[in-house]
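The structure appears right after this line, and notes come after that.
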Amino acid sequence: MAGVTVRGLTKRFGERAVLRGVDLEIAPGEFVALLGRSGSGKSTLLKVLAGLDTDVEGAATVDGGVSVAFQQPRLLPWRRVWRNVVLGLHPPVGRDVAVRALEEVRLADHADAWPRTLSGGEAQRVSLARALVREPDLLLLDEPFGALDALTRLAMHRLVEGLWQRHRPAVLLVTHDVDEALLLADRVLVLDDGRIAAEYPLDHPRPRRAADHIDIRAAVLADLGVTDRATA
Ligand SMILES: Nc1ncnc2c1ncn2[C@@H]1O[C@H](COP(=O)(O)OP(=O)(O)OP(=O)(O)O)[C@@H](O)[C@H]1O
């Protein structure tokens, strides 16, 4: 039984097919990273899985609920942090639920703050709390760490890994960062010109270090058309 099943998924914008017959399964609780050159169709695939684009050919089914966190945290500036976390939940839930979610991303003390007073990393953690409070079966992450500085990004990697291990949603992480993918994922996919061009299972035990899966790193960089001088 798959958490996500995609069969022959094709997405066209006018004449142009941006996704071309994508087949993909993600098991419940599996962490998958999706890499690919700019314009290869990563965000398009994520939008289809999020149910934000239904004008497609083929099938994409998700067992259960889906949450999305984007590169920009997209918090409403006129709502306090805790209200942002539980915004739109039906039935509505109280501040205590929001604070519990904020505790998980170590921001409970910012529950009553306004979004504009948060740093970029803090805002991104609020966005994660908002995604997790919905207890999704599938968590879609679209370059959620892309706008953060390197140190904050490293801390976020550990945080996301911990949250994933505790809650066990299936995760599809879109990233440009090969090392991030190798650190976090059970499996790395490379999307090229609307197709899944390569796939690498990662079995190194966690927590991983930068040097783990160095052989796969070189292969993925080659798939992406990058020559890696450090490992060549
Ligand atoms: N609404 C749209 N109308 C027309 N073309 C679109 C639309 N959305 C995306 N595209 C095109 O589809 C292609 C894939 O876009 P997508 O955003 O999925 O790429 P991506 O792999 O996520 O890229 P990046 O890494 O730069 O974010 C691009 O060439 C883009 O121009």
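Remember, it's 1-based here, ligands and their atoms both numbered in the order they're listed.
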Checklist entry - So do Lys42 and His176 actually touch side chain to side chain, heavy atoms under 4.5 Å? => result yes

Checklist entry - Does Leu173 reach the side chain of Trp164, with side-chain heavy atoms less than 4.5 Å apart? => result no

Can I get a per-line list of side-chain donor-acceptor pairs under 3.5 Å for residues 43-52, giving both atom names and the distance, sequence neighbours left out?
from  : atom 1 : to     : atom 2 : distance (Å)
Ser43 : OG     : Asp142 : OD2    : 3.2

Write 'none' if nothing qualifies; otherwise put on separate lines each N/O atom of ligand 1 with a protein N/O atom under 3.5 Å away and their distance to 0.1 Å.
from     : atom 1 : to     : atom 2 : distance (Å)
ligand 1 : 18 (O) : Ser43  : N      : 3.4
ligand 1 : 18 (O) : Thr44  : N      : 2.9
ligand 1 : 18 (O) : Thr44  : OG1    : 2.6
ligand 1 : 19 (O) : Gly41  : N      : 3.4
ligand 1 : 21 (O) : Ser40  : N      : 3.1
ligand 1 : 21 (O) : Ser40  : OG     : 3.4
ligand 1 : 21 (O) : Gly41  : N      : 3.0
ligand 1 : 21 (O) : Lys42  : N      : 3.0
ligand 1 : 21 (O) : Lys42  : NZ     : 2.9
ligand 1 : 22 (O) : Ser43  : N      : 2.9
ligand 1 : 22 (O) : Ser43  : OG     : 2.9
ligand 1 : 23 (O) : Gly39  : N      : 2.9
ligand 1 : 25 (O) : Lys42  : NZ     : 2.7
ligand 1 : 25 (O) : His176 : NE2    : 2.8
ligand 1 : 26 (O) : Ser38  : OG     : 2.6
ligand 1 : 29 (O) : Arg16  : NH1    : 3.1
ligand 1 : 29 (O) : Arg16  : NH2    : 3.0

Checklist outcome for this item: Sorted by chain and number, sequence neighbours left out, side-chain hydrogen bond (donor to acceptor under 3.5 Å, both in side chains) with Ser67 holds for none

For residues 68-83, which side-chain N or O atoms pair as donor and acceptor with protein atoms under 3.5 Å away, sequence neighbours left out?
from  : atom 1 : to     : atom 2 : distance (Å)
Arg80 : NH1    : Asp112 : O      : 2.7

Item to check | Candidate pair Phe13 and Asp55, rule side-chain contact (heavy atoms from CB on, under 4.5 Å), full reasoning | outcome: CA-CA 10 Å; Phe13 291 111; Asp55 179 20; over 6 Å; no

